[in-house]
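Please read the structure below before turning to the comments.
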Amino acid sequence: MAIPATYVRILKSLKRLSDQGRLSWVEGATHYVVHVSFGAYSLKLSDVGLEDDTEYELTLVNSEGNEIDSVVISMGDEEFPLALGIFKAARTEALGVRRALDEIAEELAGLEKGLDSSE
């Protein structure tokens with residue numbers, strides 16, 4: 001089934017902005033769900049597939065928390081690489097991976113600096 005054009009545009013924007021770290025993704029109720037808010041609406045991206053048949057569901061949620069529309073992106077869909085990339089970038093943001101890696105890199109640099117001065 002073809003993904004509606006509006007969803008394709010949204011997926012492309014989400015991918016671009018997620019890669020730039022410009023969206024505030026948060027982890028959902030499980031580690032298979034991430035979501036991001038935009039005013040009165042939010043988008044929820046869920047990994048809904050089985051182990052060997054990954055699928056992503058992008059769900060539109062209104063301000064009352066009601067799921068009002070969704071689209072499923074399957075492995076055979078042209079947009080699947082977009083959904084996969086968004087999900088990976090969103091989880092990285094939601095879990096604070098960039099921040100954690102930056103802190104570790106900074107601490108390691110400090111330790112290396114201490115080694116340089118003691119030699």
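When a residue number appears, it is its place in the shown sequence, counting from 1. None of the values given here were measured: they were computed from a predicted structure.
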Taking side chain to side chain donor-acceptor pair (under 3.5 Å) as the test, write out the residues that go with [X], two or more places apart.
| X | result |
| --- | --- |
| Gln20 | Arg22 |
| Glu107 | none |
| Glu79 | none |
| Ser42 | none |

List for me each residue that meets side-chain contact (heavy atoms from CB on, under 4.5 Å) alongside Ser74, sequence neighbours excluded, and say none if there are none.
Glu55, Val72, Asp77

Under the side-chain contact (heavy atoms from CB on, under 4.5 Å) test, which residues partner Val26, sequence neighbours left out?
His35

Is Thr30 reaching over with its side chain to a backbone N or O of Tyr32, donor-acceptor style, under 3.5 angstrom?
yes

Are [Y] and [X] connected into the same hydrophobic cluster when the rule is that any two of I, L, V, M, F, W, Y join if their side-chain heavy atoms are below 4.5 Å apart?
| X | Y | result |
| --- | --- | --- |
| Val33 | Val36 | no |
| Leu23 | Ile10 | yes |
| Leu11 | Met75 | yes |
| Leu43 | Ile3 | yes |

One pair to check against side chain to side chain contact (heavy atoms under 4.5 Å, CB included): Leu17 and Trp25. What are the steps and the verdict?
CA-CA 11 Å; Leu17 294 168; Trp25 290 96; over 6 Å; no

Which pairs count as salt bridge (Lys or Arg N to Asp or Glu O under 4.0 Å) when at least one residue sits in residues 2-15, sequence neighbours excluded?
Lys15-Asp19

Between side-chain atoms of residues 56-69 and protein atoms elsewhere (two or more places apart, or another chain), which donor-acceptor pairs fall under 3.5 Å?
unit_1, atom_1, unit_2, atom_2, d
Glu57, OE2, Ser70, OG, 3.1
Asn62, OD1, Glu64, N, 3.0
Asn62, OD1, Gly65, N, 3.2
Asn62, OD1, Asn66, N, 2.9
Asn62, ND2, Glu64, OE1, 3.3
Glu67, OE2, Lys44, NZ, 2.4
Asp69, OD2, Tyr7, OH, 2.7

Side-chain atoms of residues 80-98: list all donor-acceptor pairs with protein atoms under 3.5 Å, sequence neighbours left out, distances to 0.1 Å.
unit_1, atom_1, unit_2, atom_2, d
Arg91, NH1, Glu27, OE2, 3.4
Arg91, NH1, His31, O, 3.0
Thr92, OG1, Lys88, O, 2.9
Glu93, OE1, Arg98, NH1, 3.3

